[in-house]
Protein chains: 2
Amino acid sequence: MSPMDSAVARERALDAAEELFYARGVQAVGMDELRGASGVSLKRLYQLFPAKEQLVAAYLARRDERWRGRLAAHVARQREPRERIPAVFDWLEGWFGEAGFRGCAWINVHGELGAASALVADQVRAHKEAFRSYLTSLVDDAGLPAALAGPLFLLAEGAMVTAGITGSTEPAAEAREAARALVTAAGRDGLSRPSPAP
Amino acid sequence: MSPMDSAVARERALDAAEELFYARGVQAVGMDELRGASGVSLKRLYQLFPAKEQLVAAYLARRDERWRGRLAAHVARQREPRERIPAVFDWLEGWFGEAGFRGCAWINVHGELGAASALVADQVRAHKEAFRSYLTSLVDDAGLPAALAGPLFLLAEGAMVTAGITGSTEPAAEAREAARALVTAAGRDGLSRPSPAP
DNA sequence: TTGACGTGAGAACGAGCGTTCTCCTACGGT
DNA sequence: ACCGTAGGAGAACGCTCGTTCTCACGTCAA
């Protein structure tokens with residue numbers, strides 16, 4: 001029963017961490033509260049994660065996998081490669097509208113711990129780098145100039161941060177329209193490979 | 001000597017708060033350290049600001065005034081209204097390159113305290129709203145469609161957050177080029193209206 | 001049955017926090 | 001010269017935190 005339970009306890013700890021850390025911030029949630037919410041004893045928590053910092057890192061790592069997986073799954077439903085780019089912002093819009101949405105977990109945790117924890121800062125950089133790479137692959141598949149990925153990334157980041165602050169889903173729509181305009185402009189100007197003429 | 005000194009003490013307290021809160025985060029800096037850095041006694045600190053939360057709010061308010069003042073001063077040096085929009089991103093680039101730059105203070109503090117302090121969250125919203133309004137006025141003065149302001153705002157926010165995470169100034173240049181493309185596209189056929197038939 | 005071990009519940013610890021209080025000094029108005 | 005008051009230094013208070021320790025219990029191997 002023991003090795004299996006370790007895996008279960010780990011998942012429960014990460015479930016509680018994700019819910020509480022995201023909703024209220026890392027520093028506002030103590031290890032004791034985490035124990036109460038997860039049902040995992042303090043002793044076990046500390047044998048699974050040698051310190052709170054590692055639990056935060058593990059929470060971010062698991063969330064990163066899930067977040068990018070869901071985004072990719074939604075985007076992949078678009079057959080037309082060029083339509084996959086606005087689909088990113090459609091997905092963001094749905095995310096912004098979820099109950100309990102409170103901005104990008106990585107941006108928030110970077111504001112909170114980026115200066116104090118190199119481990120956490122690295123997780124944040126890795127997540128953002130992975131997201132940017134994903135956008136680059138979408139741009140590439142659409143036959144658009146690679147230079148488009150940066151601006152699309154900035155629009156997405158701006159939308160996340162603004163939605164987190166204002167609580168509105170509208171930044172996603174704004175960003176999507178801007179992205180469409182950039183794609184059109186890039187397709188029109190000579191920088192890219194041929195685009196389907198009207 | 002007393003009323004004058006209160007003003008001086010307030011400035012010193014805010015100077016120390018700005019330096020320490022911005023560099024290391026609000027929760028990582030205690031009131032005692034603030035006293036040491038400012039030379040303002042704890043008693044005075046608490047008679048100037050009834051609680052730490054108010055000191056944080058005052059720090060953000062003063063920084064807001066300065067930040068927007070510097071930005072506006074830099075942008076106003078451009079005579080041509082349409083050139084003022086890229087000038088915003090030029091200024092951001094300079095800011096990102098400053099020693100000790102650690103991202104947008106408001107975004108960071110929102111990640112740290114946005115869930116816990118309504119006072120602070122309000123300051124953040126007010127600052128971002130003011131910045132957005134400023135961009136709207138620039139767009140307006142340039143005779144461009146008002147719908148351009150939203151995307152420009154998102155590009156700027158995305159650049160700030162990305163520069164804060166990666167430590168690079170490049171997001172400013174990326175955002176500036178994207179902004180130029182959007183301005184060109186909007187000048188060509190408008191942004192918000194349904195895309196015209198070719 | 002025994003005994004070693006892993007676990008859970010929770011107390012304990014040491015540190016740090018925001019905030020308040022004490023005490024002492026020093027000055028200004030009369 | 002005097003008292004009242006404001007201010008500075010810093011101790012004190014009550015609380016919370018991350019982390020570790022205690023101890024009693026249950027479980028399996030031999």
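We use all heavy atoms of the structure for the numbers below, so side chains are in, but hydrogens, waters and symmetry mates are not. Throughout, a chain's letter reflects where its sequence line sits, starting with A, and its residues are numbered from 1.
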Quiz item: Does C:dG18 have OP1 or OP2 sitting under 4.0 Å from an N or O in the side chain of B:Gln27?
Solution: no
Quiz item: For D:dG7, does either OP1 or OP2 sit under 4.0 Å from a side-chain N or O belonging to B:Lys43?
Solution: no
Practice problem: Using a 4.0 Å heavy-atom cut-off across all strands, classify B:Glu33 as base, sugar-phosphate, or nothing. | Solution: nothing
Quiz item: Reckon B:Val29 touches a base, only the sugar-phosphate, or nothing at all at heavy-atom distances under 4.0 Å?
Solution: sugar-phosphate
Whole-Å gap separating [atom2] ([N]) and [atom1] ([X]):
X	N	atom1	atom2	result
A:Leu42	C:dA12	CG	C1'	12 Å
A:Glu53	D:dG18	CD	P	13 Å
A:Gln47	C:dC5	CD	P	15 Å
A:Met31	D:dC17	CE	C1'	11 Å
B:Asp5	D:dG8	CG	C1'	13 Å
A:Asp32	D:dC17	CG	C1'	10 Å
B:Leu48	D:dG8	CG	P	10 Å
A:Leu45	C:dT7	CG	P	13 Å

Quiz item: Of all the choices, C:dG10, D:dA9, D:dT19, which nucleotide is nearest to the side chain of B:Ser41 once you look at every atom?
Solution: D:dA9
Practice problem: Could you walk me through whether A:Trp67 and A:Phe131 pass ring-ring contact (aromatic ring centres under 6.0 Å, His included), step by step? | Solution: CA-CA 10 Å; A:Trp67 189 90; A:Phe131 176 49; 5.3 Å; yes
Self-check item: salt_bridge(B:Asp15, B:Arg12) N-O dist < 4.0 Å
Solution: no
Self-check item: cation_pi(A:Arg63, A:Tyr22) dist<6.0 Å, angle<=45
Solution: yes
Quiz item: Quick one: do the A:Thr162 and B:Glu157 side chains pair a donor with an acceptor below 3.5 Å?
Solution: no
